[in-house]
Amino acid sequence: MSEIPTKYDFQDNESRIYDSWEKKGFFHAKVNPGGKPFVIVIPPPNVTGILHMGHALNDTIQDILVRYHKMIGEETLWMPGTDHAGIATQNVVERKLGREGLRRQDLGREKFLEQVWLWKEQHGSTIIRQLKRLGCACDWERTRFTMDEGYSEAVQEVFIRLHQKGLIYRGNYIINWCPRCQTALSDEEAPHQDSSGFLYYIRYPLEDGSGSLTVATTRPETMLGDTAVAVNPRDERYKKFIGKRIILPFLDRLIPVIADDFVDPEFGTGAVKVTPAHDPNDYGMGRRHDLPFINILHPDGRMNENAGDYAGMDRFEAREALVEALRERGLLEKIVSHDHAVGHCYRCNTVIEPYLSKQWFVRMKPLAGPAVTAVKDGRIKFHPERWEKVYLNWMENIQDWCISRQIWWGHRLPVYYCPRCQSKDGEAGVTVARQKPEKCPVCGSAEIVQDNDVLDTWFSSWLWPFATFGWPRPEADSELKYFYPTSVLVTAQEIIFFWVARMIMAGLEFMNDIPFSDVYIHGTVRDKTGKKMSKSLGNVIDPLEIIDDFGADALRISLISLTSMGQDVYLSRDKFEYGRNFANKIWNAARFIQMNLDVDHLPADPLAGFSDFAEMPLAERWIISRFYSVEAEVRRSLERFRFNEAAGLLYDFFWHQFCDWYLELAKLSISENHTQQTLYRILSGSLLLLHPFMPFLTEELWTRLCPSAGSLMTHPWPAALPGVIDRELEGEMGLIITVCGTMRNLRSRKGLSPRVKVKVRIFVDEAGKRRILENNIEYVKYLVNAEEISFSEENQPPSPSVVSDVISGCSIFLDAGGEINKAEEEAKINKRIAELEEAIRRKEQLLNNPRFREKAPPEVVEKESAGKKELVEEREKLEQVKNALSR
RNA sequence: GGGCGCGUAGCCCAGUUGGUUAGAGCACCUCCCUUACAAGGAGGGGGUCGUAGGUUCGAGUCCUACCGCGCCCACCA
């Protein structure tokens with residue numbers, strides 16, 4: 001054994017321990033037909049990522065599961081990797097170039113991509129290093145990147161297969177356009193944010209001079225793209241206008257007044273300007289009524305040549321200018337405040353524009369069907385369950401997925417065009433293939449160009465549970481067969497649609513099986529005011545700083561203890577003191593035990609059975625029984641994803657049972673064999689149970705205590721021992737704890753310093769209880785620092801200088817000499833009697849209710865009447881003590 | 001417009017299928033540097049569980065409505 005130092009130096013230990021685990025290959029899993037696999041794929045962090053508290057929580061949960069399942073003997077694999085994060089990464093590198101005064105266009109596609117790869121080589125493993133600092137037991141040998149060669153092959157294969165099935169198509173539709181990133185986005189990538197804006201009421205003059213129609217809009221600048229005004233066909237106010245024409249101000253374009261059911265007569269004026277190229281609803285009307293589609297925007301958000309005098313202006317600048325011009329011409333009826341939700345780019349937060357453009361889409365309805373079934377029939381379970389409804393709601397209303405992006409960093413579409421055919425017909429000369437065709441299959445031209453777009457990052461992420469194993473290459477089959485489907489997916493709520501839902505669809509489509517059986521959705525990490533942590537708000541707590549200051553174990557156990565199933569976590573820096581203090585407690589307890597251990601008496605295996613269990617004193621049997629009870633409860637909690645509950649059980653056991661009571665009692669018999677054995681075994685066992693939560697500290701102590709036992713990481717979880725969990729014995733110890741508590745309370749009531757010895761007399765008329773106390777009186781004597789404890793045959797204070805209380809049928813009389821404040825004592829007893837009486841009254845009420853006796857289960861009735869009996873006895877004894885006191 | 005979560009001690013939160021007098025941690029008060037730990041030990045005060053009804057022998061827990069706070073989804077310009 002090597003001596004445990006006074007202070008735990010986590011700074012040094014953590015990296016050293018982690019390296020040794022990694023070197024010994026503990027994180028690596030392989031196909032093991034004899035063992036049950038347990039597999040988690042990490043939600044791949046962005047390659048640009050740096051560890052934030054969301055990761056810390058997410059990865060701690062996964063690490064707990066992984067370490068626990070490894071300990072219970074399963075072939076456990078945690079598959080790590082990173083995501084190329086198309087737009088995010090491209091933005092990072094573009095910003096870097098920007099500082100050098102360069103745009104990506106200055107470099108050209110190829111040179112720019114070289115720069116991104118270079119950046120990836122230099123910075124892409126930052127997040128991996130940080131995961132290691134957290135302690136994550138990932139199988140790093142398998143680390144994947146979504147743009148690895150093999151992975152890219154999977155992406156391409158999926159595109160081609162879906163295209164062959166008719167599930168991928170190209171078309172001209174309104175998509176979400178980010179004018180800053182200058183790319184299309186999926187609906188999920190353009191989340192709506194509530195914003196307070198205005199509703200502008202604009203008069204559109206009728207061609208025949210008979211007046212005007214007023215329309216309401218939140219985006220007045222789009223009027224330059226208007227090709228109609230629509231009213232509801234049943235709207236009496238407007239019937240007479242249908243078919244007339246309007247002169248669009250500024251452009252003097254003649255546009256028709258059309259009738260469409262879509263228009264809500266209640267909203268605004270009941271007349272809607274129709275901009276088919278810049279609004280999804282208007283697009284629909286445009287198609288229904290065969291209206292022209294006029295694009296008025298450049299890709300960067302400036303107005304284009306179709307915007308007349310406003311061409312070249314930024315969209316928001318144009319809005320202001322137009323409103324001013326309308327006002328001058330008397331065409332602006334009014335402006336009303338109006339709150340509405342506006343789409344924003346999830347990468348740069350720019351207001352997105354609905355934009356008509358030709359993009360590639362995945363037809364989602366056919367994929368969604370099986371994914372709905374898999375959840376409905378219970379093959380995939382969400383924890384907590386409520387997310388199932390969110391998932392199903394999205395799945396059942398699924399829209400087609402826009403997958404093409406006008407950026408450079410990503411998987412380029414395996415689509416090739418023949419420019420010659422294209423120039424004749426935009427839909428002709430398109431080839432989807434693994435390789436660039438030699439010549440155009442239509443006209444035979446050898447001039448072939450690849451599509452410039454890349455795929456949505458999530459179009460690669462959704463393949464993660466099987467592409468990481470090498471799918472679709474045949475050599476991946478044996479691993480896929482063993483490790484797929486994976487076991488649990490751990491992620492945050494924000495990512496259910498982006499990723500979880502799509503992985504389920506992809507798994508069912510390409511593997512013909514679910515990708516995982518359980519989805520654990522944890523809460524969002526927020527600051528203490530409830531705001532999401534973000535760099536721009538400046539409210540982040542950096543997990544690495546916490547690791548530096550408190551240790552990774554403290555970070556982990558604090559985070560886990562704070563988060564009950566699926567509930568958001570409100571963090572502040574001081575909350576990590578909880579874990580730091582706990583780590584310190586464990587360290588010191590272990591140090592104390594080691595200082596007192598006689599190595600010669602200890603078994604080689606700290607978890608060997610207790611052959612002499614029945615002969616052990618109460619305290620030993622009690623803590624052993626408690627340990628194995630807690631082991632079972634922790635196991636049960638972990639199996640049900642109740643991580644905070646498991647952590648709480650261990651905290652309470654270790655601190656408030658093992659340290660507060662057993663360790664104190666052990667001091668009485670510290671050199672005896674049974675105590676040595678018990679200290680050693682319960683401490684070692686506790687380290688095992690704590691290991692998934694606090695891997696570093698527990699490993700460090702374990703190797704110092706059990707140098708021959710190997711690493712804690714590969715040691716089996718303590719197996720349940722038959723016959724050591726004993727409720728009766730726990731009750732006996734419970735009586736001692738209660739009695740000590742009361743005696744200590746009496747001490748404190750007399751204001752005695754801990755070093756003052758007291759004399760205590762106990763009156764207890766119940767033989768069983770008396771025997772328990774008599775047999776274990778040395779414990780009580782020690783725990784309350786009594787010089788003498790005796791038993792009285794009558795229920796009254798032995799002398800006037802005594803303070804008294806009654807608990808669990810025992811009257812306690814404590815004397816440390818000196819005077820007592822008689823009035824105060826009586827008041828105390830009276831207060832207690834009053835409390836008891838109130839409790840008795842309530843019990844009586846319950847027991848006297850015939851319907852209670854009739855309907856409640858017999859064991860409850862029995863419990864209640866036994867409870868009442870105890871209360872009554874306690875009150876009687878207190879009365880007697882009180883009477884004796886006043887004599 | 002739908003859907004979800006939360007409201008329990010001064011603060012931050014647990015509370016598993018309804019069942020003794022509702023619990024931690026932090027903070028607070030008293031005592032203690034007792035040879036594991038002051039990042040600690042012993043003791044203590046503090047809550048009509050958001051409000052109002054209902055179901056039930058019994059409600060923090062189930063139902064309904066309402067009041068606050070937060071989140072998600074949705075093509076009302």
Side-chain angles (χ1 to χ4, degrees), chain A residues 4 6 174 191-192 199 215-219 222 230 262-264 266-269 271-275 279-284 338 340-341 354 384 386-387 389-390 393-394 397 493-494 496-497 523-524 526 528 530 532 550 561-568 570 572 574-575 577-578 580-596 636-637 640 642 644-645 648 651-652 656 659-660 663-664 667 741 744-749 751-755 784-785 835-836 838-839 842-843 846 849-857 859-861 863-864 866-868 870-871:
Chain A
I4 298 174
T6 318
I174 298 274
H192 288 66
L199 199 52
V215 298
T217 180
T218 54
R219 294 183 296 154
T222 62
F262 166 79
V263 179
D264 175 4
E266 304 293 315
F267 188 88
T269 60
V272 186
K273 58 188 275 313
V274 182
T275 322
D279 184 278
N281 300 311
D282 295 5
Y283 174 80
H338 181 65
H340 60 147
R386 68 184 128 96
W387 295 112
K389 224 190 291 181
V390 175
N393 181 53
W394 184 78
N397 297 292
Q493 162 248 308
E494 298 95 65
I496 293 177
F497 307 140
T524 305
R526 300 173 182 281
K528 63 178 167 190
K532 243 187 207 178
F550 299 96
S561 302
L562 281 168
T563 169
S564 58
M565 159 101 67
Q567 228 44 59
D568 288 353
Y570 292 63
S572 54
D574 56 336
K575 293 202 167 163
E577 289 171 9
Y578 173 88
R580 179 201 56 186
N581 294 354
F582 186 40
N584 187 244
K585 188 74 181 178
I586 298 169
W587 185 263
N588 282 301
R591 193 162 62 85
F592 167 73
I593 290 168
Q594 194 198 42
M595 279 174 358
N596 290 286
R636 186 175 130 84
S637 296
R640 300 193 310 156
R642 295 174 178 263
N644 69 317
E645 191 178 86
Y651 181 96
D652 181 66
H656 297 308
C659 290
D660 287 355
L663 236 47
E664 291 308 311
K667 289 173 183 171
R744 284 168 168 176
N745 177 278
L746 291 174
R747 283 186 71 101
S748 168
R749 218 196 270 178
L752 299 175
S753 136
R755 58 180 53 175
V784 300
N785 194 25
E835 279 168 14
L836 285 167
E838 170 61 13
R842 288 164 76 164
K843 281 259 185 293
L846 188 64
N849 184 340
R851 306 188 60 183
F852 171 71
R853 292 185 170 276
E854 220 172 277
K855 297 208 169 183
E859 63 270 22
V860 172
V861 177
K863 212 164 130 192
E864 292 295 334
K868 187 202 145 190
E870 261 180 50
L871 290 172

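Each chain gets a letter, A, B and so on, in the order its sequence line appears, and its residues count up from 1. These values consider heavy atoms only, across backbone and side chains, with no hydrogens, waters or symmetry-generated copies.
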Using the C1' atom as the point on both nucleotides, what is the distance between B:C6 and B:U17, in whole Å? 22 Å

B:A59 and B:G54: how far apart are their C1' atoms, nearest whole angstrom? 11 Å

Non-hydrogen side-chain atoms of A:Asn785 and A:Arg747 separated by less than 4.5 Å: yes

Pairwise P distance for B:C33 and B:A42, with rounding to whole Å: 16 Å

Per the atom types in the model, does the base of B:A36 pair as donor or acceptor with the side chain of A:Glu664 at under 3.5 Å? yes

Assess whether side chain to side chain contact (heavy atoms under 4.5 Å, CB included) is satisfied between A:Tyr651 and A:Ser561, documenting all intermediate values. CA-CA 9 Å; A:Tyr651 181 96; A:Ser561 302; over 6 Å; no

Separation of A:Asn584 atom CG from B:A36 atom P, in whole Å? 14 Å

Could you give the distance separating B:G19 and B:G3 at their P atoms, to the nearest angstrom? 29 Å

In this structure, how many angstroms lie between the C1' atom of B:G41 and the CZ atom of A:Arg744, rounded? 9 Å

Shorter than 3.5 Å, N or O on both sides, protein versus nucleotides 75-77 of chain B: list them out with atom names.
{"residue": "B:C75", "atom": "O2'", "partner": "A:Asn281", "partner atom": "OD1", "Å": "3.3"}
{"residue": "B:C75", "atom": "O2'", "partner": "A:Asn281", "partner atom": "ND2", "Å": "2.3"}
{"residue": "B:C75", "atom": "N1", "partner": "A:Asn281", "partner atom": "OD1", "Å": "3.2"}
{"residue": "B:C75", "atom": "O2", "partner": "A:Asn281", "partner atom": "OD1", "Å": "2.7"}
{"residue": "B:C76", "atom": "O2", "partner": "A:Asp264", "partner atom": "OD2", "Å": "2.7"}
{"residue": "B:C76", "atom": "N3", "partner": "A:Asp264", "partner atom": "OD2", "Å": "2.7"}
{"residue": "B:A77", "atom": "O2'", "partner": "A:Ala216", "partner atom": "O", "Å": "3.4"}
{"residue": "B:A77", "atom": "N6", "partner": "A:Asp264", "partner atom": "O", "Å": "2.7"}
{"residue": "B:A77", "atom": "N6", "partner": "A:Phe267", "partner atom": "O", "Å": "3.1"}
{"residue": "B:A77", "atom": "N1", "partner": "A:Asp264", "partner atom": "N", "Å": "3.3"}

Separation of the P atoms in B:C76 and B:U16, to the nearest angstrom: 39 Å

Protein-nucleotide distance (A:Lys585, atom NZ; B:A38, atom C1'), rounded to Å: 11 Å

Using the side-chain heavy atoms of A:Asn581, tell me which of these nucleotides is nearest: B:A39, B:C32, B:A42. B:A39

Nearest-angstrom distance from the residue atom CZ of A:Arg636 to C1' of B:U16: 7 Å

Any A:Asn745 side-chain nitrogen or oxygen under 4.0 Å from OP1 or OP2 of B:G44: yes

Using the ring of each side chain (for Trp, its six-membered ring), is A:Trp394 parallel, tilted or perpendicular to A:Phe497, with breaks at 30° and 60°? parallel

Paired stretches of RNA chain B - 3 or more consecutive Watson-Crick or G-U pairs, each distance under 3.5 Å: B:1-7 with B:67-73, B:28-32 with B:40-44, B:50-54 with B:62-66

Side chain to side chain, A:Leu846 and A:Lys843, heavy atoms closer than 4.5 Å: no

Choosing from B:C32, B:A36, B:G15, which nucleotide comes nearest the side chain of A:Asn588? B:A36

